[in-house]
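Written below as structure tokens is the structure these notes are about.
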Amino acid sequence: QVQLVESGGGLVQAGGSLRLSCAASGLTFSRSGLAWFRQAPGYEREFVAAISRSGETTYYADSVKGRFTIARDNDNRVFYLQMSSLKPEDTAVYYCAADPRVVISKDRRGYDYWGQGTQVTVSP
């Protein structure tokens with residue numbers, strides 16, 4: 001059974017930083033594409049960042065480029081989203097996603113496995 005467990009969300013002031021973690025079990029982690037998505041109230045779930053199986057390739061949404069960094073630790077089966085210079089418009093529920101069929105993808109339809117979501121709230 002595949003499980004993705006997120007942690008690290010919370011409330012932060014604009015300009016602050018947070019690091020989200022996603023611990024994975026039940027899948028071949030080192031051979032899985034990984035990603036973060038987010039969903040704000042009234043909006044569709046949108047792509048934030050993705051990382052390839054090897055970790056050598058990363059993609060970012062334009063809205064977070066230069067502020068967020070995705071990373072993975074294949075030995076410990078964990079991946080991260082380091083968020084800096086946070087803005088109120090970054091407020092959303094953040095979801096981690098993984099799929100062994102994916103090398104790297106921005107498309108949420110490509111991911112079969114999802115975390116439960118963690119709330120990130122950025123105050124002005």
Side-chain angles (χ1 to χ4, degrees):
Q1 180 182 356
V2 176
Q3 279 196 314
L4 300 178
V5 180
E6 295 138 348
S7 59
L11 173 64
V12 64
Q13 287 189 326
S17 299
L18 280 175
R19 188 177 79 159
L20 306 183
S21 300
C22 182
S25 61
L27 79 168
T28 310
F29 186 83
S30 62
R31 296 180 61 82
S32 296
L34 308 171
W36 290 93
F37 293 80
R38 67 186 182 186
Q39 187 167 16
Y43 291 85
E44 290 191 354
R45 194 169 298 188
E46 65 174 5
F47 169 74
V48 176
I51 188 166
S52 64
R53 293 170 175 171
S54 66
E56 292 180 353
T57 303
T58 55
Y59 294 158
Y60 294 94
D62 288 343
S63 58
V64 307
K65 205 170 291 184
R67 301 188 298 120
F68 290 11
T69 302
I70 187 171
R72 64 189 296 161
D73 179 348
N74 284 348
D75 289 339
N76 291 299
R77 306 171 62 85
V78 182
F79 66 111
Y80 305 96
L81 185 68
Q82 177 67 49
M83 305 184 293
S84 302
S85 302
L86 283 160
K87 304 175 181 180
E89 51 263 44
D90 294 318
T91 295
V93 177
Y94 283 71
Y95 297 90
C96 61
D99 201 301
R101 302 169 304 166
V102 172
V103 176
I104 184 169
S105 176
K106 302 178 183 180
D107 188 347
R108 67 177 187 267
R109 296 169 297 180
Y111 294 91
D112 268 355
Y113 304 111
W114 293 83
Q116 79 284 0
T118 187
Q119 177 70 47
V120 171
T121 303
V122 184
S123 62

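With contacts defined as side-chain heavy-atom distances shorter than 4.5 Å, the pair W114/R108 qualifies. Residues N74 and R53 have side chains not in contact (no heavy-atom distance under 4.5 Å, counting atoms from C-beta outward).
Between the E6 side chain and the L20 main chain, no donor and acceptor come within less than 3.5 Å of each other. Y43 places no side-chain N or O within 3.5 Å of a backbone atom of R38 that could act as its donor or acceptor partner.
Taking the six-membered ring where tryptophan is involved, the planes of F37 and Y111 are perpendicular, since the angle between them exceeds 60° and thus also 30°.
The OG atom of S85 sits 9.0 Å away from the CZ atom of F68 when rounded to the nearest 0.5 Å. Between atom OG1 of residue T121 and atom CG of residue L11 there is a gap of 6.0 Å, rounded to the nearest 0.5 Å. Remark: R109 CZ to R45 CZ distance equals 14.0 Å, nearest 0.5 Å.
Atom CZ of R31 has 12 or fewer neighbouring heavy atoms from other residues, nucleotides or ligands inside a 6.0 Å radius. Around atom CD of Q13, no more than 12 heavy atoms belonging to other residues, nucleotides or ligands sit under 6.0 Å away.
For F47 and Y59, the distance between ring centers is not under 6.0 angstrom.
A cation-pi geometry, defined here as NZ or CZ lying under 6.0 Å from the six-membered ring centre and within 45° of its normal, holds between R72 and F29.
The pair D90-K87 does not meet the salt-bridge criterion, since no charged nitrogen lies less than 4.0 angstrom from a carboxylate oxygen.
Of the candidates L18, V64, V48, L18 is the only one forming a side chain to side chain contact (heavy atoms under 4.5 Å, CB included) with M83.
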